[in-house]
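Written below as structure tokens is the structure these notes are about.
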2 protein chains.
Amino acid sequence: MKTLSIKDIAVKANVSITTVSFIINGKAKEKSISEAVIKKVEKIIEESGYKPNQIARSLRTGNSNIIGLIVEDISNSFFAKIARLIEDKAYKRGYKIIYSSTENNVEKAQELINMFKSRKVDAYIISPVKGLEEDIRMLINDNKPVILFDRNLRDVQANYVGANHFSASYQSIESFIAQGKRNIALVTTDIDVQQITERFEGYKKALLDYGLTYREELVLKIHFNQNEASTIDEIKMLFNSEKIDAVLFATNYLAISGLKVLKSIKKKIGAELSVIAYDDHEAFELHTPGISTVQQPLEEIAETVIKLLLSQLSSKSILPNQEVIIPATLIIRN
Amino acid sequence: MKTLSIKDIAVKANVSITTVSFIINGKAKEKSISEAVIKKVEKIIEESGYKPNQIARSLRTGNSNIIGLIVEDISNSFFAKIARLIEDKAYKRGYKIIYSSTENNVEKAQELINMFKSRKVDAYIISPVKGLEEDIRMLINDNKPVILFDRNLRDVQANYVGANHFSASYQSIESFIAQGKRNIALVTTDIDVQQITERFEGYKKALLDYGLTYREELVLKIHFNQNEASTIDEIKMLFNSEKIDAVLFATNYLAISGLKVLKSIKKKIGAELSVIAYDDHEAFELHTPGISTVQQPLEEIAETVIKLLLSQLSSKSILPNQEVIIPATLIIRN
DNA sequence: CTGAAAGCGCTTACAG
DNA sequence: CTGAAAGCGCTTACAG
């Protein structure tokens, strides 16, 4: 069974390809096609199950109704949830999503952008990697809508949507201090992206503002992408060598590794040790005792991203850059 | 900056479009293009940063190097992890993935297939919904490689890769019985897909084989897609109205809701209540006490799916259907 | 109110 | 060893 083309429909309906095309694209009125012809053609389309070839359409029009979504790692629950929300919202507006994971690797991210370019995606949603500045600038020069999210890039003028990582981190430390904690550790990663450095800055600033000293030995920077066993070893060493009465984990997967360590060394969470994890995870509510977390408003982030993107897509010209900073919420669970 | 076309390259190199095309597609040797011309053209391509327009290529060749991946819900960690593994493996072989979530909705699934069709994806990987049989049959008739995974469809002849849900479920119940449990509950969903019914059958069969009676009131079928609060209420009712000393949760998200209930009604997991969750989740290892789980070998499933797909993609003709059933493993954690 | 024709950027059978 | 030309399936400016 050969798939049908617009020509087949035109032949069947005894009209020109042009007429069929106008009808398919809802321009029948505007082009004053007669009611009778519209009905006839629509009926044939309906009955035959004809679907326009989007590839041909894209080639001709230069756009695709596809939005490229580039995240760090789709299997991380934060990104998986954001991706799903964005997918839903985009879908309702007639856009499809192609996603891919960068694994925090510049080369992979660049390849992805090139692939998306050659597929003529209409817009980009990117949780960027350092080193991608030039590529993003080129997209913007090409007049493509680009929204960065989760983390910003210092040297690039682009729209950005993200949580206020600095203040969420600051508040977390404040809450430890209010509980009388003094030996406050931070377990974070070594990737040099804004959302991670902000969390670090918030930690440091809060300590200093409350008259505590910042001690390097209480900050553990885990190498990104290393296997979990090594991460667990390093965290174990931290707890064995330092006196710690509170700890902020800068990502949810680090917190999960950290909780495994605490369980294995039988360190009780509670009065003697307070814990906050950045980015919620099902495991934290369930944990005994419940683990306090910083929650980013996923729904609001996804909605803002899509709104910004759609407004750019409809107004041909790129709007002035907007940075939308959304507050994150500290959920205390014990 | 206008994007370059093959014509621009041809003009710059002072050769025909045909020659450039042969070189780009690695057919230079075969078409005996001279070494000098190859070098010259490659140099120009390199310097100009020219990337062939994949849309035009797809229109011409009828394929896209894209694989469509249709899952139930990309934000579920099982699917997110499988998607990521498949993405990695496909990427290495030069294929990209477009994914989308069906939300267990036939209409949405059909729309997705249509969208993928009109984008000329080369192959389909589908965790199907009941009611999709006809659509899948049409794909196969169109000679498109299709791999079903996670769940099979009874009335359709397609390649399938999935875990042995029946036997994993059976073993779980066996392990309860070995611990002397007699009042064994099952919390499952009401969706009528093979992997869920198999888990139910395994439960029932094990009970009967060991001389226990199957009691309907110990099986709770949660409506798919209902909000978590209702799920929690129903599970709470089950535990309040029945005497239960062991429970198998048929999905990881049901187990998470279930554990919240047990926590809230202060029912201790251990000697008086055994728990097994189907599909692992970070929360289960971390839970105190650790929750036993059935683990599907994600890596192996993803690898098998890709292998089957690629072998179909390369051998023009569709291979006879294969069903690859991979054993799942019961991990005891307490 | 409707149609013929150009063109989007490729690939490839055919010719030389 | 290389090129001119048809054609994939659309959209749209132009003509009538």
Side-chain angles (χ1 to χ4, degrees), chain A residues 2-42 44-45 48-66 114-115 117-122, chain B residues 2-42 44-45 48-66 114-115 117-122:
Chain A
K2 197 62 200 55
T3 68
L4 295 165
S5 77
I6 193 170
K7 196 173 166 189
D8 300 315
I9 304 297
V11 169
K12 279 195 204 190
N14 221 339
V15 297
S16 75
I17 289 179
T18 309
T19 302
V20 177
S21 176
F22 286 155
I23 293 173
I24 291 171
N25 293 297
K27 294 190 181 164
K29 295 264 143 69
E30 177 186 330
K31 301 288 176 180
S32 33
I33 310 281
S34 72
E35 208 39 56
V37 172
I38 297 180
K39 281 275 163 295
K40 181 172 63 173
V41 172
E42 280 177 345
I44 292 174
I45 290 177
S48 63
Y50 165 70
K51 295 268 183 286
N53 180 324
Q54 298 297 338
I55 301 275
R57 184 177 268 177
S58 288
L59 179 59
R60 187 49 232 249
T61 63
N63 53 40
S64 58
N65 278 321
I66 291 184
N114 281 333
M115 159 195 154
K117 257 192 203 168
S118 64
R119 306 256 172 224
K120 307 291 171 199
V121 308
D122 293 350
Chain B
K2 197 60 200 53
T3 68
L4 295 164
S5 77
I6 194 170
K7 196 173 166 190
D8 299 315
I9 303 298
V11 169
K12 281 195 202 191
N14 221 338
V15 297
S16 76
I17 290 179
T18 309
T19 303
V20 177
S21 176
F22 285 155
I23 293 173
I24 291 171
N25 292 297
K27 295 191 181 165
K29 295 263 143 69
E30 179 187 329
K31 301 289 176 179
S32 33
I33 310 281
S34 71
E35 205 44 51
V37 172
I38 297 179
K39 281 275 164 294
K40 181 172 63 174
V41 172
E42 281 177 344
I44 291 175
I45 290 177
S48 64
Y50 165 70
K51 295 269 183 288
N53 180 323
Q54 298 297 335
I55 301 275
R57 184 178 267 177
S58 287
L59 179 59
R60 188 48 234 248
T61 63
N63 53 41
S64 59
N65 278 321
I66 291 184
N114 281 333
M115 160 195 153
K117 257 191 203 168
S118 65
R119 307 253 173 225
K120 306 292 172 199
V121 308
D122 293 350

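The chains referred to below are lettered A, B, ... by the order of the sequence lines, with proteins before strands, and numbering in each begins at 1.
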Starting at atom CG of A:Asp8, determine the distance to atom C1' of D:dC10, rounded to an integer number of angstrom.
-> 13 Å

Which pair of non-hydrogen atoms, one from B:Lys120 and one from A:Asn53, has the smallest distance, and what is that distance?
-> CE-ND2, 3.3 Å

To the nearest Å, give me how far apart CD1 (A:Ile17) and P (D:dC10) are.
-> 9 Å

Taking only the side-chain nitrogens and oxygens of A:Ser21, find out if one of them lies under 4.0 Å from OP1 or OP2 of D:dT12.
-> no

Whole-Å gap separating C1' (D:dT2) and CD (B:Glu35) = 16 Å

Look at A:Thr18 and C:dG3 and indicate whether a side-chain polar atom (N or O) is within less than 4.0 Å of OP1 or OP2.
-> no

Side-chain N or O of B:Tyr50 closer than 4.0 Å to phosphate OP1/OP2 of C:dG9 = no

Here the distance between atom C1' of C:dT2 and atom NZ of A:Lys27, to the nearest Å, is 16 Å

Scan side-chain atoms only and decide if A:Asn25 and A:Arg57 contain a donor-acceptor pair under the 3.5 Å cut-off.
-> yes

Are any of B:Ser34's side-chain N or O atoms less than 4.0 Å away from OP1 or OP2 of D:dT2?
-> yes

Counting heavy atoms from C-beta on, name the nucleotide in C:dT2, D:dT2, D:dT12 closest to the side chain of B:Ile33.
-> D:dT2

Report the nucleotide, chosen from D:dG3, C:dC10, D:dG9, that has the shortest atom-to-atom distance to any side-chain atom of B:Val15.
-> D:dG3

Atom pair distance, as rounded to whole Å: CG in B:Leu59 and P in D:dT11 = 12 Å

Is there a Watson-Crick or G-U wobble partner for C:dA4 with both distances under 3.5 Å, and which nucleotide is it?
-> none

By nearest-nucleotide position on DNA chain D, the 5'-leaning member of B:Asn14 and A:Arg57 is B:Asn14

Separation of A:Asn25 atom CG from D:dT12 atom P, in whole Å?
-> 7 Å

Side chain to side chain contact (heavy atoms under 4.5 Å, CB included) with A:Val41: of A:Ile24, A:Asn14, A:Val15, A:Ile33, only one passes, and it is A:Val15

Can a side chain N or O of A:Ser5 be found less than 4.0 Å away from OP1 or OP2 on D:dG9?
-> no

Can you check the B:Arg60 CZ to D:dA5 P distance for me, whole Å?
-> 16 Å

Worked verdict on B:Thr19 versus B:Ser16 for side-chain contact (heavy atoms from CB on, under 4.5 Å) | CA-CA 5 Å; B:Thr19 303; B:Ser16 76; 3.2 Å; yes

Test side-chain contact (heavy atoms from CB on, under 4.5 Å) on A:Ile23 and A:Val37 and set out the steps.
-> CA-CA 9 Å; A:Ile23 293 173; A:Val37 172; 4.3 Å; yes

note: A:Leu4, atom CG; D:dC10, atom C1'; distance rounded to Å ~ 15 Å

